[in-house]
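In what follows, every chain begins at residue 1, and chains take the letters A, B, ... in the order their sequences are listed.
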Amino acid sequence: MNRVVLERRAEGAVAARELGDDGTTVGETRLPAGSLAGFVRERERVPVRWVWDDTTRWYPALLDAGVRVERCTDLRLTHAVLRRSPLVDQALLTAGETAAWDALQPVTPADPALFPLEDPADGLDPVAEHERQQAALAASTHPARLALLLAAESSGALVAAEMTHAGLPWRADVHERLLTELLGPRPPHGSRPAVLEALAREVRAALRAPELNPDSPGALLRALQSAGLAVEDTRSWTLEQLDHPVVGPLLEYKRLSRLLTANGWAWLDAWVREGRFRSWFVPGGVVTGRWASSGGGALSVPVQVRPAAVADDGWRLVVADVAQLEPRVLAGMSGDDAMAEAARAADLYEGMVAGGAVETRTQAKVAILGAMYGATRGGSGRIMPRLTRRYPRAIGLVEEAARAGERGEVVHTLLGRGSPRPTGAWAERAVALGEPAEVAGSREERDRHRRAWGRFTRNFVVQGTGAEWALCWLADLRNRLWRLGGAGPLQQRPHLVFFLHDEVVVHTPDHLADAVAEEVRRAAAAAGRLLFGAFPVDFPLDVSVVASWADAG
DNA sequence: AAGGAAGGCGCC
DNA sequence: AAAGGGCGCCTTCCTT
């Protein structure tokens, strides 16, 4: 399949350079300003991979023009992956431009408009960068895995742009009704809603602190202590342990205050337009490969307000999430037959009980989370030896990742995404043994940092490979949805509107909802095969076809 | 006035 | 024996 490299020129013109299979230029088209969308639409009739510096700089305008692309290489994202991958010879990526590619940031429509050719991306040569990346990939120790990662990462960039373009269907009227029921009518700017004000009065009375502002953690802590309560912080979890009349109203105040500040009327004003919630998804925004988001808190849309996410008339939401993604990924990447056997159950934790590793589901969950996060709250520590005997490869993999991190080494995901190098005095010690003591901090402090980094690398390999599975799922699903039909632009077909780590939401015409649900499952199975080949690890989904997101699950 | 740290809490 | 991963974003509070 040919590739076409797009490059901005002066005055809004674009150069499109066609590369043949061997990477040599076989043609070049110069496009005057305004003609790019038409060119891309035509060229898409024959399979092509677009190569561009950064999807956020090209794709939103194409989508606005009604043009969808099948595949791309996002050089900014693939550069970032390759630069950190321990499977790659970094010398092959090095050039005068490398630092500029390292520094390149995605853009959002909210960014101040850049004047033409003032964008740092415009000083970069995408053809040269693409050649360096292809050479590095070809020479890497696992070119097939890395190539899959680069393709998935780039597909993710397309999905992210498409999800922002389409937006998550959001009924402001439903949301406002919910706010009014819980908080009272919208108050004038700067004052508390009636329900919150009443709760604040109750809190002040219970603590005999008539001037208290319950939003001030410091003042609240002092008031609690003056009332004779032995607390060191004001977290909800701490307050729940207390027996005092203030606890009820204070917890309710915190719950509703959180709703008001995070997803209240101001949030609606800022983020919901024309029936859609539009935030920006940031592929590769997290070092592990998970996505970040920007604007509106898309990574934490509370269950409380999900009733407002409602499909259009004649449309449905297909909501799908993977049960226990990360333990399943751990079973697959470690090749642990016993854990894969447990993962054959719809509930992996029940599978562990059935396999005799533990007595109860709760034990199973605590133990697995402990193994993946490095936590051992009492009970988990006692179960670990049994877990290690029963699942030697799975537990061995995360333990080795933790030890490597503690030694200051880089670890990597199944497909080759590398962890960051540790910084700080303890890491320098780890690398250069025998340095003078007392360089920075106490021995205890250094050990604390070392163990914390071990917990990070322990989790990195699992979280990061989980993110790779999810990217493959998403990329395959995107293409399946497109093929499901329709002739119109994206928003008239089934399309993705939300993605969060192990969960997707598809907005689809009613009559295609069941077909979408089936494709979501097939895409999950395909992702499992892409990452783990024939190794038998299942990724069962919970799939709901609903009018409102709140009805899923 | 602006910026950042800290406390806190929502999501996976 | 103990050891809790990754985010975004709100308000308060302090510094510059």
Side-chain angles (χ1 to χ4, degrees), chain A residues 190 192 212-222 231-240 250-251 253-264 266-267 270-271 279-306 321-327 329-330 365-382 384 398-399 401-403 405-406 411 419-420 444 447-467 469-470 498-504 549 553:
Chain A
R192 283 198 183 91
L212 174 65
N213 170 14
D215 293 326
S216 167
L220 180 58
L221 182 60
R222 287 188 294 276
V231 289
E232 296 302 320
D233 61 65
T234 65
R235 293 179 201 136
S236 294
W237 189 89
T238 303
L239 300 174
E240 279 168 19
L250 184 49
L251 288 174
Y253 180 91
K254 280 171 164 280
R255 195 177 68 88
L256 292 177
S257 173
R258 166 79 192 182
L259 171 66
L260 172 70
T261 56
N263 296 96
W267 181 89
W271 297 108
S279 63
W280 296 288
F281 295 88
V282 187
V286 180
V287 288
T288 59
R290 276 186 175 181
W291 290 13
S293 78
S294 166
L299 265 56
S300 54
V301 179
V303 170
Q304 226 174 0
V305 299
R306 290 187 191 183
D321 72 301
V322 198
Q324 305 116 14
L325 172 61
E326 288 177 358
V329 161
L330 176 57
K365 185 171 181 176
V366 168
I368 284 290
L369 292 180
M372 293 190 311
Y373 291 159
T376 47
R377 281 174 305 196
S380 171
R382 287 194 299 278
M384 279 312 287
V398 287
E399 288 293 331
R403 300 292 90 82
E406 290 177 0
V411 297
S419 64
E444 287 74 21
D447 284 349
R448 202 154 38 78
H449 282 113
R450 189 192 320 278
R451 284 194 300 269
W453 194 258
R455 287 193 297 278
F456 167 65
T457 52
R458 169 195 296 271
N459 186 251
F460 180 94
V461 294
V462 181
Q463 185 184 124
T465 306
W469 181 91
F498 191 81
F499 166 61
L500 182 58
H501 309 325
D502 60 2
E503 176 177 15
V504 296
W549 193 2

Working to the nearest 0.5 angstrom, can you tell me the gap between A/N459 CG and A/T288 OG1? 7.5 Å
Measuring from A/R258:CZ to A/R255:CZ, what's the distance to the nearest 0.5 Å? 13.0 Å
Just the rounded figure in Å: distance from P of B/dG10 to CZ of A/R306. 13 Å
Tell whether A/R290 reaches the base of B/dC12 with its side chain through a donor-acceptor pair below 3.5 angstrom. yes
What's A/R258 touching, base or sugar-phosphate or nothing? Going by heavy atoms closer than 4.0 Å. base
Base, sugar-phosphate, or nothing for A/G295, non-hydrogen atoms under 4.0 angstrom? sugar-phosphate
Distance check: side-chain N/O of A/T234 vs OP1/OP2 of B/dG8, anything under 4.0 Å? yes
Roughly, in whole Å, what's the span from CG in A/D215 to P in C/dC10? 14 Å
Partner of C/dC10 under the Watson-Crick or G-U wobble criteria, both distances under 3.5 Å, comes out as B/dG7
Describe, in one word, how the ring planes of A/F456 and A/F460 are oriented to each other, choosing from parallel (under 30°), tilted (30 to 60°) and perpendicular (over 60°). perpendicular
With a 4.0 Å cut-off on heavy atoms, is A/S257 in touch with a base, just the backbone sugar-phosphate, or nothing at all? nothing
Pairing partner (Watson-Crick or G-U wobble, both distances under 3.5 angstrom) of C/dG4: none
A/L251 CG to B/dC9 C1', in whole Å, measures 13 Å
Does any N or O in the side chain of A/R290 come within less than 3.5 Å of the main-chain N or O of A/G464, such that one atom is a donor and the other an acceptor? no
Can you tell me if A/Y373 is stacked onto the base of C/dG5, using a 5.5 Å centroid cut-off and an angle below 30°? yes
Under 4.0 Å between any heavy atoms, over every strand shown, what does A/D321 touch: base, sugar-phosphate, or nothing? Just pick one. nothing
